[in-house]
There are 2 protein chains.
Amino acid sequence: MIPLRTDPTAPWNPQAQVCLACGVRRFALFGVLDDAELAAIHHRIADIALEPGQRLYDANDRGTAAYTIREGVLRLERSSERGDRRIVRLAGRTQLVGMEAMLGQTYAADAIACTPVRACRLPRALVDELAEHRPELLRDLMKRWQSALDEADEWLTELSAGSARWRVLRLLLKLTEYGEPDGRLWLPTRGEMGAMLGLTVETTSRLVAALKREAVLEPLDARHARVDMTALAAALKAESDAAG
Amino acid sequence: MIPLRTDPTAPWNPQAQVCLACGVRRFALFGVLDDAELAAIHHRIADIALEPGQRLYDANDRGTAAYTIREGVLRLERSSERGDRRIVRLAGRTQLVGMEAMLGQTYAADAIACTPVRACRLPRALVDELAEHRPELLRDLMKRWQSALDEADEWLTELSAGSARWRVLRLLLKLTEYGEPDGRLWLPTRGEMGAMLGLTVETTSRLVAALKREAVLEPLDARHARVDMTALAAALKAESDAAG
DNA sequence: CGAAAACTTGATTAGCATCAAACCAGGTGG
DNA sequence: CCACCTGGTTTGATGCTAATCAAGTTTTCG
């Protein structure tokens, strides 16, 4: 018989403590669960770590789980029938990806880490079970679908149309949502930026370089920068006036 | 007292017959309901007719209903912060629009008829009531959210990137989904096409004209055409080879 | 029939892609 | 520790694609 002290469902189990103390807990899908409920299921939630470039799942895989991102930024990427890859969305802290698995569908995109990522794997069976007693869970799921849809629409209107400069500026604005609390901003590679905006690496590089010169963007290290929000807003305004 | 024969919930009521005999019934959100259930609620479903250009709802309105499209094509349109309008999705027969109202949210886009449209108005309260006894309804809703998301991602990868010719060709392919069963295809105005593809009216016009000359597109009347699917496939192939 | 809207076509230009080369940082192995 | 390699970045020169500007035409509708 398994000794009591290593019972994985027990709340004094170390992993249970991790779940209970999780920083994103209240904002994640399982945020509606109370301590007791979480303690009863935490052992079915695998903790996953990814290095930049590693995949969480691939498009067309028959998925059996969704994932809550606890840390880092993940990109959702599709290849077009012309053969080039396009990033259709980013996902960061507290966001849920791979929801299509909850419907028994295959994943719609590749999910690849842009930065070091930590995620929790939520098996479909678990979500189904919990949803039976906790209808709020389904409601939360639906809200997340709607958010993803809003996000996709925003990418269409703001990041895939207008001049290259406008798109890069809008992307910086979007990236502030994924920045560190201290104002440090994660900067994707130029290739990633291009794949998000439908631009080439060269064009993206030129525009980012220009923004550095204009002091909209203060480079910290290769992958991080600080943005002058006032200057960014002014640049966006100027660019939209130029277009109209 | 209301005479029995005009009782709106009675199955022999004319409107009830309309609902029971509805052509899209089995493919629509309320497809899971049986005759008795439908007869009990049909009087709460308003039948709506729109002429081209009329609006079903506006972005940012606090919506209290979703809509099932029974006939015609509707466009979902957003204006960007630069001030130009972009069509982010189309919706046709059997599709559900305005789902965000089911979450108590405001509509995310303007919904405007492209062709004469007939739609059924499904009040949020009704959907909530039915969902309590019929959990499949929520499942269907979630599937529709996922479909909308897939569609949005496809618009990003196939209709918003690549050469103008590629986009127009892909749009024709997409439009076959909204065509009549006899192979007749609804053609949007050049302005609408441009707003879907992120191109100007002039460019769109030139490319559509070229496709007519190449006999990929056989014009029937101003708003309809027939496409040679083989020629379309060949043109797409050629265009994607040229890019790669 | 006349006005407005949509469409088409042409001429010109701006903006981004393409091609090419140099540069830089981080990591590896001698 | 340095030489080297690799992947990402920057910059320049050139060309092509689609935007823009400008008529002119066709269709739609009151």
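Just so it is clear: chains get the letters A, B, ... in the order the sequence lines come, proteins before strands, and each one is counted from 1.
Take A:Ala109 and apply the side-chain contact (heavy atoms from CB on, under 4.5 Å) test, not counting sequence neighbours, and it matches A:Leu76, A:Arg78. Qualifying salt bridge (charged side-chain N to carboxylate O under 4.0 Å, His left out) partners for A:Asp84, counting only residues two or more places apart in sequence or in other chains: A:Arg82. Listed by chain and number, the residues in a side-chain contact (heavy atoms from CB on, under 4.5 Å) with B:Ser79 are B:Arg85 (sequence neighbours excluded). In this structure A:Arg167 satisfies the side-chain contact (heavy atoms from CB on, under 4.5 Å) test together with A:Leu197, A:Leu199, sequence neighbours excluded. With sequence neighbours excluded, the residues that form a side-chain contact (heavy atoms from CB on, under 4.5 Å) with B:Lys212 are B:Arg190, B:Val208, B:Leu217, B:Pro219.
Sorted by first and then second residue, the salt bridge (Lys or Arg N to Asp or Glu O under 4.0 Å) pairs with a member in residues 195-205 of chain B form an empty list; sequence neighbours excluded. Pairs of residues two or more places apart, or lying in two chains, that qualify as salt bridge (Lys or Arg N to Asp or Glu O under 4.0 Å) and include a residue from residues 51-70 of chain A are A:Asp47-A:Arg70, A:Arg55-A:Asp58, A:Arg55-A:Asp110.
Contacts of residues 188-202 of chain A with DNA chain C (heavy atom under 4.0 Å): A:Gly198, A:Leu199, A:Thr200, A:Glu202. DNA chain C is contacted by A:Ser163, A:Ala164 of residues 158-166 of chain A, taking any non-hydrogen atom closer than 4.0 Å.
The side chain of A:Arg223 has D:dG8 as its nearest neighbour among C:dT9, D:dG8, D:dT11.
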Where do N or O atoms of nucleotides 22-26 of chain C meet protein N or O atoms at under 3.5 Å, pair by pair?
none

With 3.5 Å as the limit, what N/O pairs link the protein to nucleotides 27-30 of chain D?
none

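Between A:Leu211 atom CG and D:dT9 atom C1' there is a gap of 15 Å when expressed in whole angstrom units. Rounded to whole angstrom, the span from the CZ atom of A:Arg167 across to the P atom of C:dG15 amounts to 14 Å.
Defining each end axis of the helix from C:dC1-D:dG30 to C:dG30-D:dC1 as the rotation carrying four pairs' C1' atoms onto the next four, with five pairs an end, the two axes are found to diverge by 40° to 10 degrees.
Below the 3.5 angstrom threshold, one finds a donor paired with an acceptor across the side chain of A:Arg206 and the base of D:dG12.
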